[in-house]
Amino acid sequence: MSRTMRILASLVVIAIVAVALGVFIIRGPGPLDFAGGTKVALADYRAGKPTGVPARLEKANLVERGEYLAKAADCMVCHTSPGGKDYSGGLGFKLPFGTLYSTNITPDKETGIGNYSDQDFLDAVQRGKRHDGARLYPAMPYTSYTYMSDEDVLAVKAYLFSLPAVRAKPPENTLSFPFNQRWAMMFWSAVFNPDTRFAPDTSKSPEWNRGAYLAEALAHCGECHTPRNLGFALDNRKKFAGAITAGWQAFNISSDKATGLGNWRDEDLIAYLSLGHAPGHGAASGPMGEAVDHSFSQFAPEDVRSIVAYLRSVPPVPSPDLPATTAPVAPASHKDGVTADAHGKKVFASACASCHGWSGESPVSPMATLTGTWTVNDPAATNVAQIVLSGTKRHTPDGALSMPAFGSAYTDDEIAAVANYVTARFGTKGSKLTAKDVAELREQTAD
C-alpha cells in the first residue's frame, strides 16, 4: 500500500471513530443502564414474569390481555382527537417546526391498520416502521415501546383489531423542511432506537423488574419526564429530571429529595398514580391528568406498587430551577400576604378564589388545594398558565371536580397577571410571565 493510500485509510478510520464517538456521546446511556446489574434474556429469567398482565388476568383471553396492555401503554389518548372516535387518530402535536397528527389505529383497512400483519405491527411499535415501509416520527414513542415483548405487542394488536373499524383519515402533517423528510428517520432510529426487548435484571427483585417494564416500556414515563439531547432523543444522563412536553412542565420524578419524589411517602405516590391526587402534593392535570384517568388508574394495585418501587431506585437528579421546599399556607385574608399585583389579584378574586381560597387551601375540594404543589412553586409558572388556559377535565376519582378553561374569557395579559399573582402568593417566588409568554404557551398546546 502506498503512503498516500495509508494516509487516506488512516483518515477514514479516524473519521469513523470520531463519528462513532460522537454518536456515543450524543446518545448516552439507555434508560436502565443506571441499575448496573446483570441482565438476562426474558426467557432465561426464573424469578417471575415481569412482562404481560397482572396475575388476575393471566388466564384471560388475548383480547382482554391486550386491552389491559393498551391502557397501560396509554394508546387511546394520543390516537384520539377531541370529539373524535376512540383510536381513530387526528390529534395534533404542535412542534417548533410544524404540526404532527396521530394516526388511525382502528382496524379500518383504508385509513387504519386493518392490513397490518403481525410483523407489520411489531415493526411499527418496536421499530417505528410503517406497513408501507415509511418511517414513523418518534412522537410515537417506539424508542420506549421497543422494550415491549413480542407477546405483549401482539396482544395489543388483537385488542385493537377487536374494535370497530373507523374510516377516518387524519389531516396532513405540516412539518417544515427538513423535518418533513421521513426517510431521514431511518438514520435517527439507527442511532437512538436500540431495537431490543426488555431484559430483566437478576440483581433486582421481581417487583422492581415489573415496575421497570411498566414504567419504561409500557407507560413510557421518560418520554415526558426526561430532558432531550441534541438529537431530540431522551437524555438519560438526566433521567426523570423533568422536561417541557406539549407546552406543559412534566416535573422531576427522580429520587431527589428536594425537587423529585424522594420525600414522597409510598402511599402518596400510589394515590397520585391511582387517583391523580395526593394530599400536600396537589392534583394531576394536563397530560399527566389524562395519563392517570386513562392509564394509571386502570392498573392493578400491585402494578402501581411495582412502579413506585422502581421509581425509588432512579438516581436523584436535582432540578435547579425549582425551590428546595414548597411555600407554606398563605394568609386566610386577601388583605394579607402578597397584595402588590392588583391586576392579577383582581382576576384571581373574580375567577379563582371561590374554589381555591385565599390561603391556597380549597374550601371546596382537596383536589383544588394549591398549597404544596410544584405547579404554584415553579417560578416559570408554565402549568399555572396552562391550567388557566385549558382548564382540567378529570374523570378519576368519582366526583372529582373539573376546572373550566378560561383561555377564551381572559386575554394573554390577564392570564399572565393571574399566573404571576398565584405563584407569588402561594409559591416561594413569583413568576414574571408576559402576555407574549402566554401567547407562546397557547401555540404549544396540542390541537
May I have the step-by-step check of side-chain contact (heavy atoms from CB on, under 4.5 Å) for Y145 and M140, ending in yes or no?
CA-CA 9 Å; Y145 291 156; M140 191 282 197; 3.9 Å; yes

Please assess H334 against K345 for the test side-chain hydrogen bond (donor to acceptor under 3.5 Å, both in side chains), listing each intermediate value before the final yes or no.
CA-CA 9 Å; H334 71 90; K345 182 180 180 180; 3.1 Å; yes

Between E290 and R394, is the side-chain contact (heavy atoms from CB on, under 4.5 Å) condition met? List the steps.
CA-CA 8 Å; E290 292 178 337; R394 295 299 315 285; over 6 Å; no

Let's go through D152 and T51 carefully: what are the C-alpha distance in whole Å and the side-chain angles of both, what is the deciding distance for side-chain hydrogen bond (donor to acceptor under 3.5 Å, both in side chains) to 0.1 Å, and is it a yes or a no?
CA-CA 8 Å; D152 285 356; T51 61; 4.5 Å; no

Pair E361-T369, side-chain hydrogen bond (donor to acceptor under 3.5 Å, both in side chains): steps then yes or no
CA-CA 5 Å; E361 293 192 321; T369 287; over 6 Å; no

Check the pair S306 / D303 against side-chain hydrogen bond (donor to acceptor under 3.5 Å, both in side chains), numbers first and verdict last.
CA-CA 5 Å; S306 293; D303 277 352; 4.7 Å; no

Verdict with supporting geometry, L91 and H79, side-chain contact (heavy atoms from CB on, under 4.5 Å):
CA-CA 6 Å; L91 182 68; H79 287 277; over 6 Å; no

Applying side-chain contact (heavy atoms from CB on, under 4.5 Å), run through W374 and L322 and close with a yes or a no.
CA-CA 8 Å; W374 277 126; L322 294 177; 4.0 Å; yes

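Residue N173 holds its CG atom at 4.5 Å from CG of L100, rounded to the nearest 0.5 Å. Rounded to the nearest 0.5 Å, atoms CG (L163) and NZ (K85) are 12.5 Å apart. The structure places OG of S359 at 12.0 Å from CG of D336, a figure rounded to the nearest 0.5 Å. Rounded to the nearest 0.5 angstrom, Q386 CD and I244 CD1 are separated by 8.5 Å. Rounding to the nearest 0.5 angstrom, the gap separating the CD1 atom in I253 from the NE2 atom in H225 is 4.5 Å. Atom CG of D378 is separated from atom OG1 of T259 by 11.0 Å, given to the nearest 0.5 angstrom.
Pairs engaging residues 406-425 under the salt bridge (charged side-chain N to carboxylate O under 4.0 Å, His left out) rule: D412-R442 [sequence neighbours left out]. Screening residues 151-179 for ring-ring contact (aromatic ring centres under 6.0 Å, His included) gives F97-F179 as the qualifying pairs, with residues at least two apart or on separate chains.
Between F406 and V418, the closest side-chain pair of non-hydrogen atoms is not below 4.5 Å. In this structure the side chain of T382 reaches within 4.5 angstrom of the side chain of L441, judged on heavy atoms. Looking at heavy atoms from C-beta onward, Y116 lies out of side-chain contact with P107 at the 4.5 angstrom threshold. Under the 4.5 Å side-chain criterion, counting only non-hydrogen atoms from C-beta, M288 is not in contact with W248. P316 has its side chain within reach of S255: a pair of non-hydrogen atoms, C-beta onward, lies under 4.5 Å apart. Side-chain contact between S102 and F93: present, with at least one pair of heavy atoms (C-beta onward) separated by less than 4.5 Å. Residues V308 and W264 are not in side-chain contact: their nearest non-hydrogen atoms beyond the backbone lie 4.5 Å or more apart. Looking at heavy atoms from C-beta onward, V304 lies out of side-chain contact with F296 at the 4.5 angstrom threshold.
Closest heavy-atom contact between T99 and K94: OG1-CG, 3.8 Å. Nearest heavy atom pair, residue L214 against residue I307, reads CB-CG1, 3.9 Å. Between F240 and N252 the shortest heavy-atom distance is O-OD1, 3.1 Å. In terms of heavy-atom proximity, Y213 sits nearest to P50 at CD2-O, 3.5 Å. Contact detail for N377 and G427: the closest heavy-atom pair is OD1-CA, 3.4 Å. In this structure, G222 and L234 approach most closely via the heavy-atom pair O-CD2, 3.4 Å.
Heavy atoms of other residues, nucleotides or ligands lying less than 6.0 angstrom from CD of E172 number 12 at most. Counting non-hydrogen atoms of other residues, nucleotides and ligands closer than 6.0 Å to NZ of K129 gives a total of 12 or fewer. Within 6.0 Å of atom NZ in K169, 12 or fewer heavy atoms from other residues, nucleotides or ligands are found, so the atom counts as exposed in its surroundings. Other residues, nucleotides and ligands place more than 12 heavy atoms under 6.0 Å from the CD atom of E302. Counting non-hydrogen atoms of neighbouring residues, nucleotides and ligands closer than 6.0 angstrom, the CZ atom of R228 exceeds 12 such neighbours.
With sequence neighbours left out, E216 forms a salt bridge (charged side-chain N to carboxylate O under 4.0 Å, His left out) with K239. Taking the salt bridge (charged side-chain N to carboxylate O under 4.0 Å, His left out) definition, one finds that E207 meets it with nothing, sequence neighbours left out.
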I'd like a table of donor-acceptor pairs (distance under 3.5 Å, sequence neighbours excluded) in which one partner is a side-chain atom from residues 193-201, with atom names and distances.
unit_1: N193; atom_1: OD1; unit_2: D195; atom_2: N; d: 3.3
unit_1: N193; atom_1: ND2; unit_2: Q126; atom_2: O; d: 3.2
unit_1: D195; atom_1: OD1; unit_2: R127; atom_2: NE; d: 3.3
unit_1: D195; atom_1: OD1; unit_2: R197; atom_2: NH2; d: 2.8
unit_1: D195; atom_1: OD2; unit_2: R127; atom_2: NE; d: 3.4
unit_1: R197; atom_1: NE; unit_2: T146; atom_2: O; d: 2.7
unit_1: R197; atom_1: NH2; unit_2: T146; atom_2: O; d: 3.2
unit_1: R197; atom_1: NH2; unit_2: T146; atom_2: OG1; d: 3.0
unit_1: D201; atom_1: OD1; unit_2: S203; atom_2: N; d: 2.9
unit_1: D201; atom_1: OD1; unit_2: S203; atom_2: OG; d: 2.6
unit_1: D201; atom_1: OD2; unit_2: G37; atom_2: N; d: 3.4

Could you list the donor-acceptor pairs under 3.5 angstrom formed by side chains in residues 346-353, with sequence neighbours left out?
unit_1: S350; atom_1: OG; unit_2: K346; atom_2: O; d: 3.3
unit_1: S350; atom_1: OG; unit_2: V347; atom_2: O; d: 3.0
unit_1: S350; atom_1: OG; unit_2: Y410; atom_2: OH; d: 3.3

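In this structure a side-chain-to-backbone donor-acceptor pair under 3.5 Å is missing from S88 to N104. Between the side chain of S362 and the backbone N or O of C355 there is at least one donor-acceptor pair closer than 3.5 Å. Formation of a donor-acceptor pair under 3.5 Å by the T80 side chain with backbone atoms of Y87 is found in this model. A donor-acceptor distance shorter than 3.5 angstrom exists from the side chain of H220 to the backbone of L218, with no hydrogens or angles considered.
For the 3.5 Å distance criterion, the side chains of S285 and T392 fail to qualify, holding no donor opposite an acceptor. No hydrogens or angles considered: a donor-acceptor pair under 3.5 Å links the side chains of S189 and Y142.
Of the candidates M185, R130, Q181, R135 forms a side-chain contact (heavy atoms from CB on, under 4.5 Å) with just one, namely M185.
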